[in-house]
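Heads up, the thing below is written out as structure tokens.
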Amino acid sequence: MIILKYDNALDEKIYNEGLSKNHLFQNQKKFVEIHTTLNQKIKDENLMLGWAKLPYINFEVDKILKMVQQVKNKFDTLLVLGIGGSALGNIALQMALRDKFWNSFSKQQRKGYLKIYVFDNVDPDTAKSLINHLDIKKTLINVISKAGDTAETLATFFVFYNQLIKKVGKTKAKDHIIITTGPKTGFLRELANQGYCRYDFTIPENVGGRFSVLSPVGLVSAALAGINIKQLLLGAKNMAEYCKVGKPVEQKDMLNNPAFMFALINYLFYQKGKHICVMMAYSDRLYGFADWFRQLWAESLGKEKDNQGNTVNIGPTPIKALGVTDQHSQLQLYREGPNDKIIVFLSVEKFAAEVKIPKFPKPHYLSGHSLNELLKAEEKATMASLTQANRPNINIILPQINEESIGELIYMLELATAYAGELFNIDAFNQPGVVLGKNYTYALLGRKGYESYLQELKKFLDISS
Ligand code: PA5
């Protein structure tokens, strides 16, 4: 089980700036209230907390695994088209659970599973590179959008669909298409209903984009790359059970709930003016999760209004960083700049590989150690140097990186986000700011029904019509 260590956030270590144990204990009653509220919300299918049940219901899992067996040896590559919550979890899973050079492996080395590319932007240069690089005849495309209408995703889909038509013809194109989208509405759902794809998967209505990695959004590409998605879900379920999701809690359970403690510590430091949360992964494989968390925390907690409709303009700013690399880029600021941050170290206890630092012809203190030891020493040294400068830091530790621990991590951070939403008294499951940007884009591109946004845009942009 992954653990959360927070001694370096307490006033015993962080003088003047740290939290007292008393301060933490004062929140035990609140913990029980918030946990109870969340349990009630999770029961309500109409609220956006469907993510909490995904590890229990194995939604679409058998259908995904069947699909994998059917396409596995027929295609060579999967191209994922999506953005935000429809892409970041896919990237994080691939980074964590597949070799860095997976896409350069031979088909035998991949055991017939597919190379994975995720295109989550509309950069024309990248699009062109992908067009030139991919053998479209051997490529499956998984187009993912909960709304089914997102401009970026549809645009890139049209680009690659056109490539397919050119190379395999209209009739066969559909054999290359997987659509993952919401259950009822949206352009992609229409396409799925009209037979534009060979496979379609549903994103449950009550699972929002950034909480959807354990739905077909993240599971399809993971399974096609040979990641054990059942183990991933098992890890998530273990964390749900450890945190007693769906069950009653007592005040004494607070300290044993890493998701709540993570949320609470972040919240209390926010109240003390530490508005920035840096997630610093001490593992290349976990860096994708720092990026995934950045969206989860920012979009969920950055809100104009509180639950009562008051203007609060609240929310911590998440930053991602990579250890040890960013010790030589960011650490100076974190240690000596404004004391406005909490640093979350994301660590792994035991790396899959051990690389010794061999003897060098000239004697050197490094010889005889390993890269593992060096990384761990640097991680500890960084924690100590931050603590010495009274900079609060906490530590999420995975025993090792595998499907189970990654499932635990995902669930812990999703649950922490839900708890944090309650602590900040905001709705963690909407994203009006993102929706407005989408609507302005539609208006600028002439989409019918969005004319009123064009009028509004004229106030801010120099547009003639
Ligand atoms: O978390 C969210 O809701 C957003 O980040 C979405 O994932 C993102 O905007 C993409 O939306 P969609 O999947 O509907 O295309």
Side-chain angles (χ1 to χ4, degrees), residues 47-52 54 59-60 79-93 118-123 141-161 177-192 197 200-221 288-304 315 317-318 320 410 413-418 420-421 426-442 445 447 450:
L47 297 179
M48 295 300 290
L49 283 91
W51 55 270
L54 288 173
F59 184 73
E60 304 258 59
L79 173 64
V80 175
L81 303 174
I83 198 162
S86 290
L88 292 168
N90 294 266
I91 298 170
L93 287 174
V118 181
F119 186 31
D120 64 343
N121 202 348
V122 289
D123 186 311
I141 295 175
N142 182 16
V143 53
I144 311 176
S145 169
K146 166 87 186 291
D149 283 317
T150 303
E152 296 90 335
T153 305
L154 290 189
T156 52
F157 177 57
F158 294 171
V159 167
F160 286 94
Y161 188 73
I177 308 290
I178 304 170
I179 292 179
T180 306
T181 190
K184 291 188 198 121
T185 53
F187 189 73
L188 286 182
R189 182 47 65 198
E190 275 172 38
L191 292 189
C197 59
D200 75 278
F201 294 97
T202 302
I203 309 168
E205 199 73 85
N206 61 2
V207 175
R210 56 192 174 277
F211 289 86
S212 67
V213 58
L214 297 176
S215 79
V217 169
L219 298 183
V220 168
S221 66
F289 275 101
D291 205 17
W292 170 82
F293 169 75
R294 193 170 62 126
Q295 186 211 8
L296 185 68
W297 209 237
E299 259 184 35
S300 303
L301 303 179
K303 296 289 148 76
E304 181 185 1
T317 301
K320 59 174 179 166
I410 290 170
L413 292 173
E414 288 180 345
L415 183 59
T417 308
I426 49 88
D427 181 351
F429 304 106
N430 66 5
Q431 51 286 322
V434 180
V435 174
L436 186 64
K438 283 185 180 181
N439 291 341
Y440 281 167
T441 308
Y442 297 149
L445 292 174
R447 186 173 173 188
Y450 291 81

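Note that ligands are numbered from 1 as they come in the structure, with each ligand's atoms numbered from 1 the same way.
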| task | Could you say whether the N/O atoms of V434 and ligand 1 ever approach to under 3.5 Å? | result |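 Looking only at distances, the answer is no, because the N/O contact criterion of under 3.5 Å is not met.
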| query | Hey, is ligand 1 close enough to R210 that some N/O pair sits below 3.5 Å? | reply |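 R210 vs ligand 1: N/O contact under 3.5 Å present.
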| request: Using the six-membered ring wherever Trp is involved, compare the ring planes of Y450 and Y442 and label them parallel, tilted or perpendicular (cut-offs 30° and 60°). | output: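 Taking Y442 first and then Y450, their aromatic rings stand perpendicular (interplane angle over 60°).
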I need the nearest protein heavy-atom contact for [atom]: residue, atom name and distance, please.
atom	value
atom 2 (C) of ligand 1	E299 OE1, 3.3 Å
atom 5 (O) of ligand 1	Q295 NE2, 2.5 Å
atom 11 (O) of ligand 1	K438 NZ, 3.2 Å
atom 13 (O) of ligand 1	S86 OG, 2.6 Å
atom 7 (O) of ligand 1	G85 N, 2.9 Å
atom 15 (O) of ligand 1	T150 OG1, 2.5 Å
atom 10 (C) of ligand 1	I83 O, 3.2 Å
atom 14 (O) of ligand 1	A147 N, 2.8 Å

| said: I need the atoms of ligand 1 closer than 4.0 Å to a non-hydrogen atom of S145, numbered in the order shown. | reply: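 Answer, ordered by atom number: 12 (P), 13 (O), 14 (O), 15 (O).
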Does any part of the side chain of [Y], heavy atoms only, come nearer than 4.5 Å to the side chain of [X], both counted from C-beta?
X	Y	result
I410	W292	yes
D200	T181	no
V217	N90	yes
L154	L188	yes
I144	T153	no
T202	R189	yes
R210	S300	yes

